[in-house]
Number of protein chains: 2
Amino acid sequence: MAKKNTLKYIILGLLEKQESTGYDIKKIFEDEIGEFWRSNHSQIYPELKKLEEQRLISFRVEIVGSKLEKKYYTITDEGKAELKEWIFAPTPELLATKDEFILKLYFIDNKEAGKLVKRFEEQIVLHQEKLEHLKFRMQTVFASQKEKELNYGHYLILDHAINREEGYLLWLKDQYIHIKKDE
Amino acid sequence: MAKKNTLKYIILGLLEKQESTGYDIKKIFEDEIGEFWRSNHSQIYPELKKLEEQRLISFRVEIVGSKLEKKYYTITDEGKAELKEWIFAPTPELLATKDEFILKLYFIDNKEAGKLVKRFEEQIVLHQEKLEHLKFRMQTVFASQKEKELNYGHYLILDHAINREEGYLLWLKDQYIHIKKDE
DNA sequence: CGAAACATGTAAGAAGTTACATGATTAC
DNA sequence: GTAATCATGTAACTTCTTACATGTTTCG
């Protein structure tokens, strides 16, 4: 069976939305889809090169300032076709969520649970901050209904991320109360 | 910065709970901690070998039947020390959850949202089944309070997984109603 | 006796991370 | 001018997946 290469489809999807440089794509990973997939620039640039060789994307060079060469990539019709296929195909495998903190809980000894109070406090702060950041983005990016309609997909994943974080936080706080009692 | 090698600590953690073979460990990944970390036997066996070389674990060979050699691994004191360090150390990095389905939603065109109705139905079934499986496990494994006290860590992560799936399902069903309207 | 599960490994390659490397532009 | 950010790449290494390879034991 062939490997998935999800990064390929993500890049195609981003380029269908708008012509972008590798750096732009890197930024979108950080800002918008990082909750659900991450990729470093050291993976993005080689993939762009590969996709261009496969004629799924093409690029033009723009000179910025006096010598900086920026490569603006665009999706080709062939690329669009492959993208559509991926988007509308079933997604039958539920990937395991790698959560190191929850995993650690599996290994704690009942007697030592009290030692984790600080760790729970840290996690609560981390997830609280993340949630607040996500909510702030929701407020600023989707201030008007028009924005929501214009980029419904972005709205959807932000909404999902917020929902997820709210659930996670509630669970954390709930457990925190329990272990705090036993301290 | 050194690499994490989380698998190392998971194996140490499992072996602290009980003496196990590589096959046992593989099973525990499938049955108990697969919601939060996965690993194939092709990664487990070499790692066991490595940990043994580092004297963090040791093994004895038991002959089963007439010729099958099973390797039972045990954690050493050195291994226990490293394990404790990992468990009680902060976990400051929130790993990105790779969720291919949610990611696809980011790329859908508003006009084409109706095409995703079937895909939402599939996801709902998948997550419903997963949730039911988790709940069934909760009922069977933690039938009594005693079981819960005996293996609190296992109870905690199962509870977390159930919580997560319930939230996910609610969100899916909510969105499903919305896209169904626009079909 | 046959199938399912148990049991242990290696090989090849893809995916992902961290570090190495370099330089330009912009905003203060 | 200088710091932050923009911008593009490669190298080395770890991690993860899939496939290859082989054989035993248990249960019906």
Side chain [X], main chain [Y], donor-acceptor under 3.5 Å:
X: A/R119; Y: B/F88; value: yes
X: B/S39; Y: B/I44; value: no
X: A/S20; Y: A/Q18; value: yes

Side-chain N or O of [X] versus OP1/OP2 of [N]: is the shortest distance under 4.0 Å?
X: B/N40; N: D/dC16; answer: no
X: A/K71; N: D/dG9; answer: yes
X: A/Q43; N: C/dA15; answer: no

Rounded to whole angstroms, how far apart are [atom1] on [X] and [atom2] on [N]?
X: A/L48; N: D/dT10; atom1: CG; atom2: P; value: 11 Å
X: A/E69; N: D/dC6; atom1: CD; atom2: P; value: 20 Å
X: B/N5; N: C/dT17; atom1: CG; atom2: P; value: 15 Å
X: B/F59; N: C/dA7; atom1: CZ; atom2: C1'; value: 15 Å
X: A/E47; N: C/dT17; atom1: CD; atom2: P; value: 14 Å
X: B/K70; N: C/dG9; atom1: NZ; atom2: P; value: 13 Å
X: A/R38; N: C/dG16; atom1: CZ; atom2: P; value: 13 Å
X: A/I44; N: D/dA7; atom1: CD1; atom2: C1'; value: 12 Å

*Could you tell me if the ring centre of A/H160 sits under 6.0 Å from that of B/Y168?*
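So the answer is yes for these two rings.
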*Are the aromatic rings of B/H154 and B/F142 close, with centres under 6.0 Å apart?*
yes
_Can you pull out the residues from residues 9-34 of chain B that lie within a 4.0 Å heavy-atom distance of DNA chain D?_
none
*Under 4.0 angstrom, heavy atoms only, what part of the nucleic acid is A/K98 near: base, sugar-phosphate, or nothing?*
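Since only primed, P, OP1 and OP2 atoms lie under 4.0 Å of A/K98, the category is sugar-phosphate.
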Contact list (N/O, under 3.5 angstrom) for nucleotides 25-28 of chain D vs protein:
residue: D/dT25; atom: OP1; partner: B/V64; partner atom: O; Å: 2.7
residue: D/dT25; atom: OP1; partner: B/S66; partner atom: N; Å: 2.7
residue: D/dT25; atom: OP1; partner: B/K67; partner atom: N; Å: 3.0
residue: D/dT25; atom: OP1; partner: B/L68; partner atom: N; Å: 3.3

_Do B/K17 and A/Y106 form a cation-pi contact, if we require the NZ or CZ to be under 6.0 Å from the six-membered ring centre and within 45 degrees of the ring's axis?_
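Ring-cation test returns yes.
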*Counting side-chain heavy atoms from CB outward, which of C/dT18, C/dT10, C/dG16 is closest to B/H41?*
C/dT10
_Heavy-atom pair of closest approach, residues A/L172 and A/F101_ =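 Distance-wise, the nearest heavy atoms are CD2-CE2, 3.8 Å.
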*Full working for side chain to side chain donor-acceptor pair (under 3.5 Å) between B/E52 and B/Y73*: CA-CA 9 Å; B/E52 199 273 328; B/Y73 288 92; over 6 Å; no
*May I ask you to decide whether A/E19 forms a salt bridge with A/K71, counting only side-chain N to carboxylate O separations under 4.0 Å?*
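No salt bridge links A/E19 with A/K71.
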